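Heads up, the thing below is written out as structure tokens.
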Amino acid sequence: MALHIYNSYTRKKEIFESITPGYVGMYVCGPTVSGESHLGHARPYISFDVVYRYLTYKKYKVRYVRNITDAGHFEEEGREAEDKVSKKAQIEKLEPMELVQKYTNLFHWAMKQFNCVEPSIEPTATGHIVEQIVMIEDIISKGYAYVVNGSVYFDVKKYAASHDYGKLSGRVIDELLDAGNREDVSRELDGQQEKRDAADFALWKAAPPEHIMRWKSPWGEGFPGWHIECSAMATKYLGSNFDIHGGGMDLLFPHHESEIAQSTICNHSAPVKYWMHNNMITINGRKMGKSYNNVIKLTEMFSGNHPLLTQAFHPMTVRFFILQSHYRSTLDFSSEALSASEKALKRLWDAYEVLKNLPVSNNASPNDAELDSKITNWLNEFEIFMDDDFGSPRVIANMFEIAPIINSLKDGLIPFDAISASTLQKMKDSFQVFLEDVFGLTNVNDQNNELLNPIMQLLLDIRKEAKSNKDFATSDKIRNQLTQLGILIKDDKEGNTTWGVA
RNA sequence: GGUCCUUUGGCCGAGUGGCUUAGGCAAAGCUCUGCAAAAGCUUCUACAGCGGUUCGAAUCCGCUAGGGACCUCCA
């Protein structure tokens, strides 16, 4: 089965065929590093990390570009244009670039916690001012942008006359063009008066004197509009036409719509073959976002230091939580849901550890052909489900179908010759590939270390001895106190004991 | 106001026109156990409401109700 991807642009699932066979160019809108990342930000980066990993698994050579937006944009309309980055910097008494660096570092730290693969290229907006200016000049020369008072605006009306502006986001162009005249649009965009039409968007903004972040341009000192950076950097590193552009659904309009317009004018063709958008993470049914005042920062997530959290959550728990739902569905956050994911992940990973240690026999044919083929089928579906627009929840469901079988094999409830050696080997391989390589999950309980292991073995030996002497006081003491320390003792049928961090 | 999406069992969440209609968490019972835990087995089992299309719909269409997103910085 071939990989199918839901294309936001056509609103259909399409067979994925890369523009250049064997190669994939993927651009994902990265963070604005003027503040700390929150749980909502985790979704696209984890979702597209899995996309990247899966494409790699499918033998594509992927160039994965994810930008860092470190040039400030507007904060509030109806007031004087303010650079978000420089404003915050004054509050915190930091240099703008110092602030940007701080949050970039924090973002990178969080990505590492989530075990996200680093992008191939991570370009910054401030590092590509020249490219953006060149692109704006090109748009002006082609007649689709105009200069007013040192700012440059994209002429949406002119573009819409010959192009389908609004197709991606499902906007009706007449309404956009009409927006400035409508009563319900009471909030005035900055610079609205100097635009030819309300729907026009800024390519370059003249910087007021108090603006710290500013660059020289043919139109005076200023800073780039929000949308142009992605167009410029994507074009530079992936070309005029590339395969996948990803981001949150909230970026559909105006960001991605505008990107299409800009790039189409400059490159004479639509820039992106497959647009992918992840849905939002909500809290109590409401999107997590600054304006709603309901964000949980990632540092709070990992520390449990937030009123909505009953405990700290491991980054892998968050990652698993996100993978348990489809990337295009909204995902409602709650502490309970996270706790459920935590337990589920632990159960799954424990089974995986057991699986890794199961001995592979030379059993050529299964004694229980029905079970053997059921397992084979579940394993084969891993790839089938992922091929169907990255159906990670269904893959996980299949893994949970197999988990009890793994445990039963270990406990002898299912004899080893029930399944063939090749099937067992396939189980090991498939779990390893999908759990670790594709889903990017890692062991949560990797506190095991060289010193602790022999000490634990010593304690378990003493306990075993005590048990065989019916000295249950001693054996229970060891067990109970270890439990208090957060170490779980598991006895199996053969009298063997394993342990793990609870 | 416009555009679009969504509504699944106690909770979270997959999913397909029909074949017993995932999975996880929680709960209950059982097996195992010195007692537990872990593990295994079993049970509980839904598709907002109303109408329509169909031999047959939770799955397609319409209406109603609830929820949400975007239209503004936003993942």
Side-chain angles (χ1 to χ4, degrees), chain A residues 11 28-32 34 37-48 73-78 84 166 169-172 174-176 178-179 182-185 187-190 226 246-255 277-282 285-292 295 320-321 324-326 328-334 336-345 347-348 350-351 354 385 391-401 403-408 410-414 467 470 472 475-476 479-480 483 488-493 495 497-500 502:
Chain A
R11 291 156 203 257
V28 174
C29 288
T32 301
S34 60
S37 297
H38 60 70
L39 178 62
H41 296 114
R43 173 101 105 144
Y45 306 131
I46 289 173
S47 297
F48 288 106
H73 300 289
F74 309 137
E75 191 154 65
E76 284 175 300
E77 294 77 37
K84 204 197 283 180
S169 55
R171 281 303 107 84
V172 180
D174 291 338
E175 279 173 20
L176 292 171
D178 203 30
R182 292 214 319 273
E183 289 179 8
D184 53 306
V185 182
R187 289 164 298 188
E188 284 265 296
L189 282 158
D190 174 68
W226 177 36
M249 272 184 186
D250 50 351
L251 298 183
L252 273 166
F253 188 90
H255 187 55
H277 291 93
N278 63 275
N279 216 319
M280 302 290 106
I281 287 184
T282 58
R286 190 152 227 112
K287 174 184 163 184
M288 190 177 288
K290 262 179 297 193
S291 30
Y292 296 119
V295 301
F320 188 70
F321 173 68
Q324 270 185 304
S325 76
H326 189 87
R328 283 191 290 110
S329 305
T330 53
L331 176 57
D332 198 51
F333 162 87
S334 69
E336 298 75 47
L338 259 297
S339 299
S341 288
E342 183 180 54
K343 284 180 185 157
L345 174 59
R347 187 169 129 77
L348 188 59
D350 282 351
V354 169
F385 290 155
S392 57
R394 298 160 79 188
V395 175
I396 291 171
N398 274 20
M399 287 175 169
F400 276 111
E401 294 278 8
I405 294 166
I406 293 169
N407 289 324
S408 293
K410 170 181 167 268
D411 289 343
L413 295 170
I414 295 175
K467 274 175 73 175
K470 306 252 187 262
F472 297 122
S475 68
D476 285 353
R479 186 177 69 196
N480 295 339
T483 303
L488 220 58
I489 300 291
K490 297 180 204 171
D491 297 322
D492 70 10
K493 299 267 185 285
T497 303
T498 53
W499 63 278

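Worth saying up front: this structure is predicted, and the values here are computed from it rather than measured. Naming: A, B, ... by sequence-line order, numbering from 1 per chain.
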Verify the contact: side-chain N or O of [X] to OP1 or OP2 of [N], cut-off strictly under 4.0 Å; return yes or no.
X	N	result
A:Ser341	B:rG24	no
A:Arg171	B:rC4	no
A:Arg347	B:rG24	yes
A:Ser169	B:rC71	no
A:Lys343	B:rA26	yes
A:Asn278	B:rA75	no
A:Arg286	B:rG68	yes
A:Tyr292	B:rA69	yes

Exercise for review: Look at the side chain of A:Arg479 and the base of B:rA37, then say whether one donor and one acceptor between them are separated by less than 3.5 Å.
Suggested key: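 No, the side chain and the base share no sub-3.5 Å donor-acceptor pair.
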
Review point. Hey, does the side-chain of A:Asp476 have a donor or acceptor N/O within less than 3.5 Å of a partner on the base of B:rG34?
Key: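 Such a pair is found, so the answer is yes.
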
Exercise for review: With the side chain of A:Phe253 defined as its heavy atoms from C-beta on, choose the nearest nucleotide among B:rA75, B:rC70, B:rG34.
Suggested key: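 The listed nucleotide nearest to A:Phe253's side chain is B:rC70.
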
Point to revise | Residues that A:Asn278 engages under side chain to side chain donor-acceptor pair (under 3.5 Å), provided they are two or more places apart | key: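 With sequence neighbours excluded, A:Asn278 shows a side chain to side chain donor-acceptor pair (under 3.5 Å) to no residue whatsoever.
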
Check your understanding: Under the side chain to side chain donor-acceptor pair (under 3.5 Å) test, which residues partner A:Arg286, sequence neighbours left out?
Key ->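 Result, side chain to side chain donor-acceptor pair (under 3.5 Å) vs A:Arg286: none returned.
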
Point to revise | Base-pair map of RNA chain B as dot-bracket, where | denotes pairing with a different strand and pairs are Watson-Crick or G-U under 3.5 Å | key: (((((((..(((.....[....))).(((((.......)))))....(((((..]....))))))))))))....

Pick base, sugar-phosphate or nothing for [X], based on heavy-atom distances below 4.0 Å to the nucleic acid.
X	answer
A:Pro404	sugar-phosphate
A:Leu348	nothing
A:Asp491	base

Check your understanding: For A:Tyr45 and B:rA75, do the ring centres fall under 5.5 Å apart while the planes stay under 30° apart?
Key ->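 Aromatic stack with B:rA75 absent for A:Tyr45.
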
Exercise for review: Would you indicate whether the side-chain heavy atoms of A:Pro31 and A:His41 approach each other to under 4.5 Å?
Suggested key: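 Result no, sub-4.5 Å side-chain heavy-atom pair not found.
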
